[in-house]
Amino acid sequence: MFHGHLQATASTTEGKARDSAAVARRLFSYARPFWHRMLVVLGLTLVIAATSAAGPYLIGVAIDQYIANGQIDGLSLLMVALIGVYVAALVARVLQTYIMGWLSQMTLARIRFSIFRSLQGQSLRFFDRNEVGDLMSRLVNDVEAINVVLSQGLIQALSGFFALLGMVVAMLALNFELALASFIVLPAMFFATSFLSGLARRAFRRTRETIGDVSANLQEDIAGVKVAQAFNRTDVNRARFAQRNAANRDANVGATAVTSALFPAMDVLSTISIGIIAGFGGYLAIHGQATVGVVVAFLAYVQQFYNPIQQLGLLYAQSQSALAAAERTFNLIDTPVDLNDAPDAVPLDQIEGQVEFKDVQFAYSPSHMVLDGVSFVVKPGQTIALVGATGTGKTTIANLIARFYDVAAGQVLVDGADLRTVTVASLRRQMGIVPQNSFLFAGTIAENIRYGRLDAPDQEIEAAAKLVNAHGFIIALPQGYSTVLGEKGGTLSQGQRQLIAFARAILADPRILILDEATSSVDTRTEALIQQALAVLLKGRTSFVIAHRLSTIRNADHILLIEDGQIAEQGTHRELIAHGGLYADLYRRQFRDLPSDGSPDGQTIDSGFGR
Amino acid sequence: MRPLGQALRYLLPYWASALGAFISMTLVAVANLTYPQLIRRAIDDGIMKGDLGATFAVAAGLLGVAIVRGGFSFTQGYLSEKTSQGAAYDMRNAIYGKLQTLSFSFHDQAQTGQLMTRVTSDVEMVRQFTGQGFLQLLSAILMFFGAATILLLMNWRLALVTLMTLPLIFASFIIFISRAHPLFMGVQARLGELNTILQENLAGIRVVKAFVREPYEADRYARANDELLLQNIRVARVFSTSFPLMFFIASLGTVAVLWYGGSQVVAGELSLGELVAFNTYLGLLMFPAFILGMVSAGIARAGASATRIFEVVDAESEVNDRPGAVPLPEVKGRVTFEDVSFRYVGAERNVLERASFVVEPGQTVAIVGTTGAGKSTIINLIPRFYDVTAGRVTVDGRDVRDVTVGSLRRQIGIVLQDTILFSGTIRENIAYGVPDASLDDVVRVAKLAHAHDFILEQPEGYNTRIGEGGVGLSGGQMQRIAIARALLLEPPILILDDSTSSVDAETEYQIQQSLSSLIEDRTTFVIAQRISTVRNADLILVLDQSRIVARGTHEQLLETNALYGEIVASQLHDDVPVPGEAVEMEE
Ligand SMILES: Nc1ncnc2c1ncn2[C@@H]1O[C@H](COP(=O)(O)OP(=O)(O)OP(=O)(O)O)[C@@H](O)[C@H]1O
Ligand SMILES: Nc1ncnc2c1ncn2[C@@H]1O[C@H](COP(=O)(O)OP(=O)(O)OP(=O)(O)O)[C@@H](O)[C@H]1O
Ligand SMILES: [Mg+2]
């Protein structure tokens with residue numbers, strides 16, 4: 001549904017992409033490293049062509065010269081020769097098919113990988129705008145469409161081309177005028193082919209888009225199937241899927257209607273040409289300008305001549321599907337990356353941990369300013385709490401520190417260096433982030449924690465898990481650290497997932513730690529224990545803590561209260577309470593009905609769920 | 001190959017267009033046969049005799065044949081695509097529909113990338129076969145028998161010599177398919193793995209980037225990509241021999257005919273003309289051999305993919321309507337757990353141990369407890385996302401397994417702990433459970449969930465589009481949409497699983513205020529970490545390590561339960577000694 005971005009890029013590159021020769025050339029550039037094998041395939045194609053000519057020739061000889069003359073001895077020898085030819089054909093065909101299969105699979109693997117790599121390089125803005133399923137469709141369905149033509153089309157094109165070449169020469173040599181006459185329909189054929197191919201290209205583009213929709217829908221619906229079941233939505237979803245599915249079906253049938261029309265058109269045109277040869281040839285023969293034998297030979301040639309042309313035309317039309325797919329693929333690969341290392345970016349040295357926002361403005365979309373002039377300085381080793389109502393921009397600030405997005409105006413500096421002047425990798429490598437949505441990978445618990453630092457030994461993984469109080473529940477699992485998690489960590493409870501994500505960030509041994517509601521689903525008792533352990537770890541590291549539970553943040557060195565895209569208040573917990581502003585309000589509200597000794601006091605304000 | 005047969009059954013609804021395609025194909029073949037005859041007539045009657053008129057007459061005939069042939073080749077291409085696309089459409093719907101109904105247990109184990117591969121790639125593999133391949137196979141077999149009959153009639157002895165190659169051809173056909181089947185299963189499985197890596201990578205891109213794991217992920221993808229490549233090359237190795245070999249065997253038939261027939265001619269037992277004619281018709285036999293070679297790969301591939309497709313389509317859903325299940329009438333809201341034990345599929349121990357409690361209509365129950373204690377598990381059993389392992393869960397006195405799943409869930413509004421929104425407008429997301437809800441209703445529940453104000457701040461208000469998984473909203477905004485979504489159902493039973501964890505205290509307080517009247521006559525389950533959220537519940541269940549260790553009101557529990565006391569204490573402000581207090585306030 002959210003194709004805006006890609007469509008924009010598609011239309012800017014439209015002019016370039018519409019040139020199918022360029023797309024095809026680029027497609028084959030992926031096969032270029034294997035050019036010597038292509039030469040071999042070419043050679044084998046010639047061998048096969050030679051054997052296909054030699055077989056009937058030998059049979060002719062056998063019949064005319066041996067069988068007809070009763071020479072049975074020579075016949076055996078000839079038959080052995082014929083078997084030899086067939087064996088040669090067998091070997092050549094086996095090699096050709098194998099090498100071609102190898103070649104096309106190799107090429108596809110390269111294409112797949114280069115799409116993947118280019119996706120990896122894209123910024124989060126790109127992923128905000130493109131659906132996972134649609135992106136997947138490029139790597140799955142589009143690559144498959146390319147495969148179909150790549151693995152079969154090339155051989156057909158090659159053999160067709162050679163056959164044509166041979167016949168053109170033969171025909172021109174045989175009778176120049178007749179040859180020209182038989183080529184009269186060629187422009188019409190060319191026109192028909194290119195006209196229909198143009199239509200086909202457009203039609204196949206629809207098929208690629210619609211299968212992208214199907215995939216996008218599918219991915220999302222599988223990911224959200226639990227919600228669908230909880231809300232009894234499965235019937236509606238099914239109907240919606242069927243609709244997109246039908247759109248894809250119809251697009252395919254429509255595209256086939258175009259390609260299926262090509263053969264009849266070519267057939268009629270080549271028959272017209274046969275008529276012309278028969279008429280013109282007959283006329284020439286009657287007037288003695290050509291022998292009847294030549295005309296007959298020509299009729300035979302013309303029939304054969306149009307076979308490869310028809311096939312090539314058809315192949316061309318069908319390869320529009322692959323070209324449309326390739327075009328989409330290249331559009332994706334070519335999407336400009338909107339967040340890149342500057343050409344002169346330098347790696348960031350070991351970070352001290354000073355973080356500064358200078359008058360930062362930021363918006364996800366131009367219409368809605370999220371941060372509007374945010375400035376603050378964090379000294380190395382400080383723990384900063386970001387508080388504020390939901391949706392005020394706390395996560396956004398965290399996103400900017402890790403340079404997931406670039407500021408619209410102002411500067412974000414780490415140790416005095418503008419983030420845009422350092423390499424992203426060197427920055428992020430020194431950060432540990434627990435994102436609000438604790439995403440885990442399918443795999444073992446150990447692998448998930450190790451994601452923070454790939455070379456970490458087992459003891460350190462355990463140490464990180466112990467620190468966040470996860471060790472206990474992990475070893476209680478039957479396979480302990482080797483327990484395999486479901487997708488997104490689905491076989492753990494939400495709080496457990498957060499703990500693993502927390503451990504992962506700790507293991508990274510970061511200079512700057514960002515905890516974005518890292519323990520929002522963890523019970524407060526466990527959280528308190530974590531805080532205790534964390535206090536030691538955080539010594540000397542800068543950390544940002546985003547939380548709504550004030551119990552989580554009241555121990556911070558410095559609290560920033562964000563409101564309406566600006567910092568409304570800042571200071572320590574005590575200072576802010578004393579100040580009696582928004583923070584004090586917020587704090588009092590949270591405990592408005594919990595007396596400090598935690599005992600019932602009979603006059604609680606009506607709050608909480610219940611009566 | 002049984003699954004392939006099952007897949008072919010999907011062609012049945014499209015039998016008319018399939019038949020049309022087949023007939024067209026046959027007619028094209030007939031036209032192909034008459035075409036050379038006409039050309040011969042043009043030569044013999046026209047050019048040879050110098051009769052231009054006759055030449056043109058024949059040429060007109062040729063054109064007629066070409067038009068007919070063209071027409072039928074069009075209908076063949078079009079109809080076979082229509083057939084195969086139709087069948088693929090039904091097949092996709094079937095898998096999708098199945099995926100929508102398979103229980104949570106299935107989806108806990110399944111991998112999105114694998115499932116997607118089945119719906120897209122595997123269906124496409126089957127489709128490619130059901131489109132052209134199947135028709136070609138049929139016609140190849142018909143042609144084999146046709147050609148064999150003609151040859152037998154012409155000269156049965158020569159025919160027998162050539163037909164000796166037939167068993168060889170069929171044998172290699174079968175051998176190839178059976179050898180390739182597992183190979184193709186491997187291809188599709190590896191493709192699924194590759195897609196799983198891809199899907200995960202894209203879904204978790206934030207984490208990948210946060211930890212600068214792009215090179216690591218690229219490596220992982222490259223390895224899976226290589227695995228797939230190797231398997232594909234293995235397939236290529238097998239198939240590089242199939243079609244050339246079948247063609248070779250058929251060619252040997254020619255040699256045999258010439259050799260044996262030639263000696264017969266020399267011996268005077270056969271006329272040369274007969275031999276030549278026979279040899280010409282041998283080509284009829286070569287052609288189907290050629291086609292068999294071509295389609296064998298498609299058959300094996302389609303067979304492998306069909307197997308994978310029907311693994312899903314035929315999967316048994318764990319949670320199903322019982323044969324005698326009746327719809328649950330409008331419920332009052334009494335919910336009981338009777339000695340309920342539960343264990344997740346594949347787990348070794350119960351995550352819920354003999355839990356029993358009774359909730360009267362209109363009551364509010366809070367569930368608190370340590371992380372991973374089993375809180376979410378309890379509430380997952382009420383809408384029957386999973387079936388209990390022992391004991392029973394009842395709603396209004398009926399075992400939830402005795403009523404239809406749809407009627408049960410329709411009366412339960414649930415905010416899952418994991419907030420999942422969908423791409424689409426905010427309005428569509430709120431109206432997820434009631435797609436035809438009026439805007440007024442949507443606005444009403446959005447106000448209740450305190451989402452109205454921020455929604456209006458969005459560029460297009462309720463029509464603002466959000467991306468997959470709620471991209472474009474903050475965590476707290478997403479949770480409020482999810483609450484509104486549940487409220488819109490106006491459910492007699494409302495379940496809120498940690499539904500305000502990302503919402504600030506003030507907003508949460510306001511949400512509670514606005515919900516308090518709403519939940520008065522509804523049975524409400526609340527899971528929360530904040531004591532302020534749950535303290536006024538009629539009943540609080542304290543969960544620890546799979547068991548309900550205490551129950552009662554806030555006041556009762558404070559006095560009787562140490563765990564509850566600790567949880568409360570850990571949330572109190574200032575200098576009460578709690579486990580977390582060791583953190584220094586000032587440097
Ligand atoms: N990827 C995005 N694209 C567009 N808008 C976004 C995106 N992410 C957040 N926003 C918007 O930016 C604003 C700030 O969001 P942010 O996530 O920073 O809030 P937050 O303070 O972290 O809130 P919460 O406490 O709910 O997590 C919100 O209004 C939100 O709708
Ligand atoms: N789908 C699943 N498959 C297997 N085990 C699971 C699954 N879901 C949860 N578990 C396990 O069951 C236990 C209880 O999980 P549950 O989600 O009910 O905990 P919870 O009390 O809701 O915790 P939290 O407060 O973290 O949300 C945990 O130990 C968890 O690891
Ligand atoms: Mg839970």
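Contact annotation for B:Val208: both backbone and side-chain heavy atoms come within less than 4.5 Å of a heavy atom of chain A. Residue A:Ile59 touches chain B through both its backbone and its side chain, counting heavy-atom pairs closer than 4.5 Å. Only the side chain of B:Arg480 comes within contact range of chain A, judged by heavy atoms closer than 4.5 Å. Heavy-atom distances place both the backbone and the side chain of A:Val87 under 4.5 Å from chain B. Contact annotation for B:Leu416: only side-chain heavy atoms (C-beta onward) come within less than 4.5 Å of a heavy atom of chain A. Only the side chain of A:Ile274 comes within less than 4.5 Å of a heavy atom of chain B; its backbone N, CA, C and O stay farther away. Interface residue A:Val268: backbone and side-chain heavy atoms are both found under 4.5 Å from chain B. Interface residue A:Leu139: only side-chain heavy atoms are found under 4.5 Å from chain B. Proximity to chain A is limited to the side chain of B:Leu228, based on heavy atoms less than 4.5 angstrom apart. Of the two parts of A:Thr259, neither the backbone nor the side chain holds a non-hydrogen atom closer than 4.5 Å to a non-hydrogen atom of chain B. Of the two parts of B:Phe454, neither the backbone nor the side chain holds a non-hydrogen atom closer than 4.5 Å to a non-hydrogen atom of chain A. With a 4.5 angstrom heavy-atom cutoff, B:Phe211 touches chain A only via side-chain atoms.
Considering only heavy-atom pairs separated by less than 4.5 Å from chain A, the leading option among B:Ile420, B:Leu272, B:Ile233, B:Thr112 is B:Thr112. With respect to chain A, the highest number of heavy-atom pairs below 4.5 Å among B:Val265, B:Leu63, B:Thr241, B:Ile414 belongs to B:Leu63. Ranking A:Met106, A:Met136, A:Arg117 against chain B, the residue ahead of the rest is A:Met136, based on heavy-atom pairs under 4.5 Å. Interface check for chain A: of the options B:Gly97, B:Pro383, B:Gly469, B:Ala366, the most heavy-atom pairs under 4.5 Å are formed by B:Gly97. When each of B:Ser474, B:Ala210, B:Gly433, B:Gly476 is scored by its heavy-atom pairs under 4.5 Å with chain A, the top score falls to B:Ala210. Considering only heavy-atom pairs separated by less than 4.5 Å from chain B, the leading option among A:Gly282, A:Ser520, A:Gly281, A:Gly275 is A:Ser520. Contact count versus chain A (heavy atoms, under 4.5 Å) is highest, among B:Ala59, B:Gly262, B:Gly77, B:Ser251, for B:Ser251. Per-residue heavy-atom pair counts under 4.5 Å with chain A were compared for B:Lys209, B:Glu348, B:Gln109, and the maximum is reached by B:Lys209.
Between the side chains of B:Glu217 and A:Gln120, no donor-acceptor pair is found at a separation under 3.5 Å.
In summary, A:Lys488 and B:Asp108 do not engage in a salt bridge, as defined by a charged side-chain N under 4.0 Å from a carboxylate O.
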TODO: Carefully, step by step, assess B:Gln477 and A:Thr390 under the rule side chain to side chain donor-acceptor pair (under 3.5 Å).
DONE: CA-CA 7 Å; B:Gln477 291 170 340; A:Thr390 68; 5.6 Å; no
- [ ] Could you walk me through whether B:Gln529 and A:Asp523 pass the side chain to side chain donor-acceptor pair (under 3.5 Å) test, one step at a time?
- [x] CA-CA 5 Å; B:Gln529 309 297 347; A:Asp523 66 280; over 6 Å; no
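Rounding to the nearest 0.5 angstrom, the gap separating the CZ atom in A:Phe116 from the CG atom in B:Leu202 is 7.0 Å. Here the OH-OG1 distance, from B:Tyr344 to A:Thr491, works out to 10.0 Å after rounding to the nearest 0.5 Å. In this structure, A:Asn252 CG and B:Glu124 CD are separated by 7.0 Å, a value rounded to the nearest 0.5 Å. B:Arg69 CZ to A:Asp267 CG: the interatomic distance, rounded to the nearest 0.5 Å, is 4.0 Å. Note that CZ of B:Phe239 is 11.5 Å distant from OG1 of A:Thr97, once rounded to the nearest 0.5 Å. Summarising the geometry, atom CD belonging to A:Gln229 is positioned 7.5 Å from atom CZ belonging to B:Phe385; distances are rounded to the nearest 0.5 Å.
For the pair B:Arg485 and A:Phe231, the distance from NZ or CZ to the six-membered ring centre is under 6.0 Å and the angle to the ring normal is within 45 degrees. For the pair B:Arg206 and A:Phe439, the cation-pi criterion (under 6.0 Å, within 45° of the ring axis) is not fulfilled.
Between B:Tyr216 and A:Tyr451, the gap from one ring centroid to the other is short of 6.0 Å. Between B:Phe248 and A:Tyr86, the gap from one ring centroid to the other reaches at least 6.0 Å.
For B:Asp226, the salt bridge (Lys or Arg N to Asp or Glu O under 4.0 Å) test picks out no residue, with sequence neighbours left out.
A donor-acceptor pair is defined here as one N or O able to donate and one able to accept, closer than 3.5 Å; such a pair exists between the side chain of A:Asn232 and the backbone of B:Gly406. In terms of modelled atom types and a separation under 3.5 Å, the side chain of A:Glu220 and the main chain of B:Ser423 share a donor-acceptor contact. A distance-only check finds a donor-acceptor pair linking the side chain of B:Glu200 to the backbone of A:Ala442 [under 3.5 Å].
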